[in-house]
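This report concerns only the one structure given below.
Atoms within a ligand are numbered from 1 in the order they appear, just like the ligands themselves. Numbering starts at 1 and runs along the sequence shown.
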Amino acid sequence: MTEAARVTIIDHPILRARLTTLRDKTTSAEIFAEQLREISALMLFEMTRTISTDPVAVETPLAIASGARLARPLVLVPILRAGLAMVDGMVRILPGVSIGHIGMYRNEETLEPQQYYFKFPSCLDKADVLLVDPMLATGNSAITAVSLLKKQGASSIRYACVISCPEGIRAFTAAHPDVPVFTAAVDERLNERGYIVPGLGDAGDRYFGTV
Ligand code: URA
């Protein structure tokens with residue numbers, strides 16, 4: 001499987017406009033949070049386009065109509081803390097969805113992920129898992145998160161990040177070639193501190209107002 005085959009760049013004028021607001025350093029924390037939630041909800045549609053449905057009949061006021069219901073449970077898994085921002089947007093479309101959590105922070109010297117928390121629902125092996133984190137930088141956290149999900153039995157995993165970079169995409173698709181990646185933008189590069197350039201800065205700090 002080639003890298004290109006596993007990476008979907010969701011290019012849409014509304015997403016591009018919202019992403020521009022996110023990138024703008026003068027955007028307030030309140031507007032940043034609102035736009036990131038809405039971008040995440042829009043990305044969810046593309047991310048789940050190919051999940052399976054079962055046929056179901058429903059009675060309208062006039063007749064029987066054929067419809068669909070999701071064939072497997074969906075589980076949303078944010079990589080804490082910035083991933084929570086994407087979950088906030090997605091649960092509006094999927095109220096009541098199960099949410100697993102993976103707690104990781106980046107060691108600012110080694111750029112390696114440090115794990116501190118994991119909690120998953122027991123149905124992971126039967127579920128379509130949606131792993132989310134706004135920034136795919138080195139790829140280390142996402143690679144570790146997917147390895148953990150696989151170890152817990154997950155076999156259908158999709159990964160969404162709002163902004164990615166070539167270095168992160170290369171590392172992630174090499175480590176997990178079976179996991180499709182959905183991103184709204186592939187930026188130019190990673191800098192020496194592990195930040196995406198031009199990017200938007202630290203997504204967690206901007207979302208939670210801890211800049
Ligand atoms: N995490 C962020 O929040 N921003 C980056 O640019 C890279 C990692």
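Near A137, meaning under 4.0 Å from any of its heavy atoms, are these atoms of ligand 1: 7 (C), 8 (C). Interface atoms of ligand 1 facing A203, defined by a heavy-atom separation under 4.0 Å, are 2 (C), 3 (O).
Between F182 and Y159, the ring centre distance reaches or exceeds 6.0 Å.
If you check the side chains of R81 and T210, you find a donor sitting under 3.5 Å from an acceptor. No donor-acceptor contact under 3.5 angstrom links the side chains of T27 and R206, judged on distance only.
A distance-only check finds a donor-acceptor pair linking the side chain of S164 to the backbone of A185 [under 3.5 Å].
Between G194 and ligand 1 there is a heavy-atom distance shorter than 4.0 Å. Using a 4.0 Å heavy-atom cutoff, G201 is listed among the residues neighbouring ligand 1.
For the side chain to side chain contact (heavy atoms under 4.5 Å, CB included) criterion with I10, the lone passing option out of L42, V162, L15 is L15.
Looking from atom 5 (C) of ligand 1 to the surrounding protein, the closest heavy atom is Y195 CD2, 3.5 Å. Protein heavy atom at the shortest distance from atom 6 (O) of ligand 1 is I196 N, 2.8 Å.
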